[in-house]
Number of protein chains: 2
Amino acid sequence: MSAGHTAVTTTPPVVSCGEAHEDCGIREVLDRIGDKWSVLVVVELAQGVRRFRELQRAVPGISQRMLTLTVRRLERDGLLTRTVHPTVPPQVDYELTPIGHSLTHLVKALADWSAQHRDALARARHHFDAAHPDADIR
Amino acid sequence: MSAGHTAVTTTPPVVSCGEAHEDCGIREVLDRIGDKWSVLVVVELAQGVRRFRELQRAVPGISQRMLTLTVRRLERDGLLTRTVHPTVPPQVDYELTPIGHSLTHLVKALADWSAQHRDALARARHHFDAAHPDADIR
DNA sequence: CTGAATCCGGATCGATACTG
DNA sequence: CAGTATCGATCCGGATTCAG
């Protein structure tokens, strides 16, 4: 056990993945809802049952392909149910499961945080860009 | 087990982006912390001040390039500060700003949700994969 | 209406080598 | 130690077309 230098770390650990950062499970969540469309679909479904077209209209910009993939993945993870009505023309209803609904609370926390710090973030970014005109960050 | 669903018909709109889904600001947040490494870096920095190498060791798997890009972006958004000590060899300290710290609460919510539903998600996925062996979702 | 299949451009990420 | 630069693989996502 080589002593080495003792790092100064006395900060109230709001988050700590057990002892090691070990990922916790944060990555798991973000891998699921961190994509471009999942949360938007979840937000819309938080309002109630939606059909495929309704979802597509409610989430402007999403392509059929992406909507299909998104709802399929959400279904796979048990966050929503997919109900096919054997009618013609076909009708498919999507609805959040209880777990999916519990996720909306998380999304709300995200939205709240965003609303609260949006201005500060924008200012910080503007300040940084002014100080580093030729930064290749973005 | 009480039979019959207790008809949660009227679900309280936990999240709703005003009238239109209009994105709220959820996408903004996810565009920032939804990437592969940001939250892991934030989690590590939640423990205290860290140097570049310390961060890299604390987040196994991250490359120098990705760590550099990640901390630069976080700095740009005002989530952390970067302090260069004019010593030799060079030493650079990274530390969360108050805003960055406030983000850790959000991350904790994510971790909690993940821990709480991880099993259910895994079961749902397993069940789905068994029912759809040839689904091209993943 | 709902969705599958295909093609393709861009973004992301990792590995490696080099610098101060 | 703390980066920067370059390259290539991979993935994500959009547009289009076809099908039940």
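Just the heavy atoms: all of them, side chains too, but no hydrogens, waters or symmetry mates, feed the values below. Computed from a prediction, not measured in an experiment: that's the story for all the values here. Proteins get letters first, then strands, A, B, ... in listed order; numbering begins at 1 in each.
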Requested in this report: Please report the shortest heavy-atom distance between A/Ser38 and A/Arg32, naming the atom on each side.
Outcome: OG-O, 3.3 Å
Query raised in the report: Does B/Glu54 reach the main-chain N or O of B/Arg51 with its side chain, forming a donor-acceptor pair under 3.5 Å?
Result: yes
Requested in this report: To the nearest Å, give me how far apart NE2 (A/His85) and C1' (C/dT2) are.
Outcome: 13 Å
Query - N or O in side chain of A/Tyr94 less than 4.0 angstrom from C/dC1 OP1/OP2 - result: no
**Report entry** Any B/Arg57 side-chain N or O less than 4.0 Å from OP1/OP2 of D/dA2
**Finding:** no
Report task. Between A/Ser63 and A/Pro90, name the one whose nearest nucleotide on DNA chain D is closer to the 5' end. Result -> A/Ser63
Query - N or O in side chain of B/Arg72 less than 4.0 angstrom from D/dT4 OP1/OP2 - result: yes
Report task. Starting from P on D/dA2, measure out to CG on B/Leu55 and report it in whole angstrom. Result -> 9 Å
Query - Spacing between B/Arg27 atom CZ and D/dC12 atom P, to the nearest angstrom - result: 14 Å
Query - Interatomic distance, B/Asp93 CG vs D/dC1 P [rounded to whole Å] - result: 14 Å
Query raised in the report: How do A/Gln91 and A/Arg65 order along DNA chain C: which one's closest nucleotide is nearer the 5' end?
Result: A/Gln91
Query raised in the report: Taking CD1 from A/Ile137 and P from C/dT12, how many angstroms apart are they, rounded to a whole number?
Result: 12 Å
Requested in this report: Tell me which of A/Gln64 and A/Asp35 sits closer to the 5' end of DNA chain D, going by the nucleotide each one is nearest to.
Outcome: A/Asp35
Requested in this report: Have a look at A/Arg51 and say if it touches a base, only the backbone sugar-phosphate, or nothing, with a 4.0 Å heavy-atom cut-off.
Outcome: sugar-phosphate
Query raised in the report: Is any side-chain N of the basic residue among B/Lys108 and B/Asp112 closer than 4.0 Å to the acidic one's carboxylate O?
Result: yes
Query raised in the report: Side-chain N or O of A/Lys36 less than 4.0 angstrom from OP1 or OP2 on D/dG14?
Result: yes
Requested in this report: Please state how far atom CG in B/Leu30 lies from atom C1' in C/dT12, giving the value in whole angstrom units.
Outcome: 17 Å
Report summary line: Between B/Ala120 and A/Ile99 the two heavy atoms that sit nearest each other are CB-CD1, 3.3 Å
Query raised in the report: Expressed in angstrom and rounded to an integer, what is the separation of B/Arg53 atom CZ from D/dG3 atom C1'?
Result: 11 Å
Report task. Would you mind reading off the distance between A/Leu69 atom CG and C/dG3 atom C1', rounded to a whole angstrom? Result -> 11 Å
Report summary line: Taking every heavy atom of A/Leu55 against every heavy atom of A/Glu44, the minimum-distance pair comes out as CD2-CG, 3.8 Å
